[in-house]
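The next block holds one structure in the form of structure tokens; read it before the comments.
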Number of protein chains: 2
Amino acid sequence: MTATTERLEQQLAFLTEADKLKSILRATSLCDGSRRENSGEHSWHIALYAMTLAEHSNRPINILRVIKMLLIHDLVEIDAGDVPVHAAYDVAAHEAKEQAAADRLFGLLPDDQRDEFREIWDEFEAAESDDAIFAKSIDRVQPVISNLETNGGTWPEFNVTAEQLESRVGVKVSRGAPAVWDILQTRIRAWFKA
Amino acid sequence: MTATTERLEQQLAFLTEADKLKSILRATSLCDGSRRENSGEHSWHIALYAMTLAEHSNRPINILRVIKMLLIHDLVEIDAGDVPVHAAYDVAAHEAKEQAAADRLFGLLPDDQRDEFREIWDEFEAAESDDAIFAKSIDRVQPVISNLETNGGTWPEFNVTAEQLESRVGVKVSRGAPAVWDILQTRIRAWFKA
């Protein structure tokens, strides 16, 4: 087996395993309310969000790195599952599961690429770099839109209040994309008042 | 309304409309055969394919532009539907539908961004630039893997032969990523012989 073939075998094994992300269901629904969203299509949608809303970042970003982060950010859910933002859960136990998932999944790749993807994922999780802060902001925007489009979506189910959205979502969106939060906040306030 | 708010209203309208791509079903199934794949999750998966397989391009590429192409390449299906690669259809009529869809969908964006996205989509469709050739190659790889993972998937349904895969898929994959076609070809031949 040539070196190229060996790399390709590993890369295709990773890409085939990644297919499972399409079967991980999230709390949010599609905008038409027809069914719950999966993490594969969510990852596509937020990459498109980032590409479209990049100009609203309040700090300099490398949009390629942001999009790469968003394309891989949820892969660990294949092993660790999705935790809804408004749910209560054991943070330390979940983080340990995600770390093990990252070891396994990125470990399918050739070593150099394993390290590259892992570094991008670690950077996203740390939420400290400019790119990660913007990526995290964008990741929080799309579910708000889905919930607003489906008459509050899962907010009533989780007893979510406008104040809770400010503290759990608003703070994160504002950190990287304050103008986007301004418009969401107006829509959220109108929804809770109605 | 400020200029920023107006842009954001247009951008969010586009992103909300894009949600519909998650309800466009393709001919191929998920790798576990559980259900048909939709074009939203397909778009995520091939962006991840491009990010992972970029090194196998046989020409210089701008990977950011390739990924952008792949993120938006199927949006027109929201209005025009998906045409399976092995199906017979009226090419001119379908192209006219796709052009109208591109007018409507990218037309939701602010004018400068409408033009930018349309240019990227037109470039993909033309399949002439280095970036578009690699993007088109990658777009053809993922369904082959899905079909191989699901015991031929939709090949029997469309009476697909190994020769047909060579001419309809192999030529396009080889054009941008010959090493990837080599490995797929080996797997395809083994499948048809078995």
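We name chains A, B, ... by the order of the sequence lines, and we start the count at 1 in each one.
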Kindly determine whether Arg114(B) and Asp111(B) satisfy salt bridge (Lys or Arg N to Asp or Glu O under 4.0 Å), including the steps that lead there.
-> CA-CA 5 Å; Arg114(B) 173 200 64 202; Asp111(B) 290 356; 3.3 Å; yes

Portion of Ile183(B) that has a non-hydrogen atom of chain A nearer than 4.5 angstrom = side chain

Can you tell which of Ala179(A), Ser43(A), Ser23(A), Ser34(A) has the highest number of heavy-atom pairs within less than 4.5 Å of chain B?
-> Ser43(A)

Let me know if Asp182(A) has heavy atoms under 4.5 Å from chain B in its side chain, its backbone, both or neither.
-> neither

Which of the residues Arg35(A), His42(A), Glu116(A), Lys20(A) is involved in the greatest number of heavy-atom pairs with chain B at under 4.5 angstrom?
-> Arg35(A)

Tell me, for Ile67(A) versus chain B, whether the close heavy atoms (under 4.5 Å) come from the side chain, the backbone, both or neither.
-> side chain

Asp103(B) and Arg118(B) ion-paired at < 4.0 Å = yes

The reported gap from CD in Glu98(A) to CG in Leu75(A) (rounded to nearest 0.5 angstrom) is 11.0 Å

Under 4.5 Å to a heavy atom of chain B? For Arg187(A) that would be side chain

What distance separates Glu37(A) CD from Thr28(A) OG1, expressed to the nearest 0.5 Å?
-> 4.5 Å

Checking heavy atoms, do the side chain of Leu12(B), its backbone, both or neither come under 4.5 Å from chain A?
-> side chain

Could you list which of residues 143-154 of chain B have a heavy atom closer than 4.5 Å to any heavy atom of chain A, in residue-number order?
-> Ile145(B), Glu149(B)

